[in-house]
Number of protein chains: 2
Amino acid sequence: MNKQRRQFLIKEIISDKAIGSQDELAKELKKAGEIVNQATLSRDMQEMGISRINTMHGARYQFNLEGEEKRIRTLISIEIQNIHSNETMVVVRTLPGRAQGVAEMIDSLKLPGVLATLAGDNTIFIAPSSVKKVQSVELALRTFIAKEDS
Amino acid sequence: MNKQRRQFLIKEIISDKAIGSQDELAKELKKAGEIVNQATLSRDMQEMGISRINTMHGARYQFNLEGEEKRIRTLISIEIQNIHSNETMVVVRTLPGRAQGVAEMIDSLKLPGVLATLAGDNTIFIAPSSVKKVQSVELALRTFIAKEDS
DNA sequence: AATAATTATGTAACTTAATGCATAATTATT
DNA sequence: AATAATTATGCATTAAGTTACATAATTATT
């Protein structure tokens, strides 16, 4: 059992080629040395937030909204170093070189009360829609980060 | 129990202020609403790769080498989309805007056979020290990513 | 609508994780 | 070296996670 590796391979495989079914995916995984049955893949898909969609060239898999959100949460919870605020804005510190990416993801979350973000190399300023909302913006961000993976 | 949140808070707290002991850390966590005892924190420190170091202003905690490696592994395994290679180099695809950061981390790993990396926005070229080493470089990277967290 | 293909899920067996408590072991201080 | 402070760990317990197998449910095809 190596779930980590298996799920990394799943992500890779579906991003590389159009896979039409979970059985087919199982075969691809087997090529890469991971033997697993279809039931497990069904659960992986669920857990990773991957959906089957129909294209004109047949079915394939891709991350759905829930999967994207989960990936964002996991990612920024590592990239974010700490969160502070003063009377007028929220300040987020990130790992070096990640502020830009994290800020974009925060934007994409459309958290209530967020007016805009501005990112340098490892620092993000979050301007609230009103200075009265500073606290609730910080809380919203923290809540998002700590949300249980469903 | 919310280990995710607790460990995020630990990271944040130790990056914010000098904490002198695990009991003190437990108190800080309590302020943030997480009640936990010292034994659990000892295990968290172990798991997160955090060490106590003595400075002239007293003891404090920081990530050690193992902790850094673990963070890097977790981070790039999310940021990396897929890995391929041809006869002459390894190509890594990342999430948008992460190639630069991932490439730097790959450099820092000093994997055997890696001559240099060059990153755009979501693509990294890894030049091997010899074209004969392309395969082993790809494998080394995959192995690092999939390594079990000890 | 029947059939085939695909996916989801209940069950069961088993493994691993999480964490408090008490206490041992280690490290720092006097 | 004694004492105090700090950290690590054995034990016990409870909760979650993992996955195969069989089969039900759903979705696509003819």
Side-chain angles (χ1 to χ4, degrees), chain A residues 1-11 13-14 17-30 32-64 66-67 70 74 77 146-150, chain B residues 1-11 13-14 17-30 32-64 66-67 70 73-74 146-150:
Chain A
M1 192 273 291
N2 190 337
K3 194 176 171 185
Q4 285 208 282
R5 176 173 140 83
R6 185 180 72 238
Q7 293 198 349
F8 181 82
L9 286 169
I10 290 172
K11 175 177 78 174
I13 291 167
I14 67 167
K17 57 195 303 188
I19 299 293
S21 71
Q22 293 173 1
D23 274 330
E24 194 183 340
L25 181 55
K27 278 180 201 157
E28 289 293 326
L29 286 166
K30 198 172 184 178
E34 286 287 326
I35 292 168
V36 70
N37 71 7
Q38 175 269 323
T40 297
L41 291 183
S42 172
R43 290 171 177 126
D44 279 337
M45 301 305 232
Q46 167 65 32
E47 182 179 332
M48 298 172 76
I50 294 172
S51 294
R52 190 179 199 243
I53 59 151
N54 282 310
T55 74
M56 59 222 99
H57 312 300
R60 60 169 301 156
Y61 295 88
Q62 68 181 206
F63 284 96
N64 56 36
E66 199 184 334
K70 202 170 292 188
T74 308
S77 73
K147 184 155 40 162
E148 284 296 338
D149 284 333
S150 45
Chain B
M1 195 272 291
N2 189 336
K3 194 176 171 184
Q4 286 208 280
R5 176 173 139 85
R6 186 180 72 236
Q7 292 197 350
F8 181 82
L9 285 169
I10 290 172
K11 175 177 79 174
I13 290 168
I14 66 168
K17 58 195 303 187
I19 299 292
S21 71
Q22 292 173 1
D23 273 331
E24 193 183 341
L25 181 56
K27 279 180 200 156
E28 289 292 326
L29 286 166
K30 197 171 184 178
E34 286 287 327
I35 291 169
V36 69
N37 72 6
Q38 175 270 323
T40 296
L41 291 182
S42 171
R43 291 168 180 129
D44 278 338
M45 302 305 232
Q46 167 65 32
E47 182 178 333
M48 297 172 77
I50 294 173
S51 295
R52 190 179 200 242
I53 60 152
N54 281 311
T55 74
M56 61 221 101
H57 312 300
R60 61 169 299 154
Y61 294 90
Q62 67 182 208
F63 285 97
N64 57 34
E66 200 183 334
K70 201 170 292 188
R73 175 165 36 253
T74 309
K147 183 154 40 160
E148 284 297 338
D149 283 333
S150 47

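Chain identifiers are assigned alphabetically (A, B, ...) following the order of the sequence lines, protein sequences preceding nucleic acid strands; residue numbering begins at 1 within each chain.
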> Could you go step by step and tell me if A:Ile13 and A:Ile19 meet the side-chain contact (heavy atoms from CB on, under 4.5 Å) rule?
Replying inline: CA-CA 8 Å; A:Ile13 291 167; A:Ile19 299 293; 3.8 Å; yes

>> Quick one, A:Leu25 with A:Met45, criterion side-chain contact (heavy atoms from CB on, under 4.5 Å). Give me CA distance, side-chain angles, the key distance, then yes/no.
In response: CA-CA 11 Å; A:Leu25 181 55; A:Met45 301 305 232; 3.9 Å; yes

> Stepwise, does the side-chain contact (heavy atoms from CB on, under 4.5 Å) test hold for B:Gln7 with B:Glu47?
Replying inline: CA-CA 10 Å; B:Gln7 292 197 350; B:Glu47 182 178 333; 3.8 Å; yes

> side-chain contact (heavy atoms from CB on, under 4.5 Å) between A:Asn64 and A:Ile53: does it pass, once the steps are laid out?
Replying inline: CA-CA 10 Å; A:Asn64 56 36; A:Ile53 59 151; over 6 Å; no

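Distance, B:Asn2 CG to D:dA15 C1': 15 Å, rounded to whole Å. Rounded to an integer number of Å, the gap from CG of A:Asp44 to P of D:dG17 is 14 Å. Rounding to whole angstrom units, CZ of residue A:Arg5 and P of D:dT19 are separated by 14 Å. A:Leu29 places its CG atom 12 Å from the P atom of D:dA20, with the value rounded to the nearest Å. Following rounding to the nearest Å, A:Ile50 (CD1) and C:dA8 (P) show an atom-to-atom distance of 11 Å.
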>> Within the 4.0 Å limit for protein heavy atoms, which parts of nucleotides 3-8 of chain D are touched? Write it as a string from 5' to 3', B for base, S for sugar-phosphate only, - for none.
In response: ---SBB

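In terms of heavy-atom proximity, A:Ser77 sits nearest to B:Lys11 at O-NZ, 2.7 Å.
Between the side chain of A:Thr74 and the main chain of A:Lys70, a donor-acceptor pair closer than 3.5 Å is present. The main-chain N or O of A:Gly20 is found under 3.5 Å from a side-chain atom of A:Arg52 such that the two form a donor-acceptor pair.
A salt bridge links B:Glu28 with B:Lys17: at least one charged nitrogen is closer than 4.0 Å to a carboxylate oxygen.
Place A:Asn54 and A:Asn37 on DNA chain D by their nearest nucleotides, and A:Asn37 ends up nearer the 5' end.
A close approach under 4.0 Å does not occur between any side-chain nitrogen or oxygen of A:Lys3 and OP1 or OP2 of D:dG17. Remark: A:Thr40 is in phosphate contact with D:dA20, judged by side-chain N or O atoms under 4.0 Å from OP1 or OP2.
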> How does DNA chain D look in dot-bracket form if you count Watson-Crick and G-U pairs under 3.5 Å, write [ ] for pairs that cross, and put | where a base pairs with another strand?
Replying inline: ||||||||||||||||||||||||||||||

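Test B:Lys3, B:Arg6, B:Arg5 against B:Glu34 for side chain to side chain donor-acceptor pair (under 3.5 Å) and you get one pass: B:Arg5.
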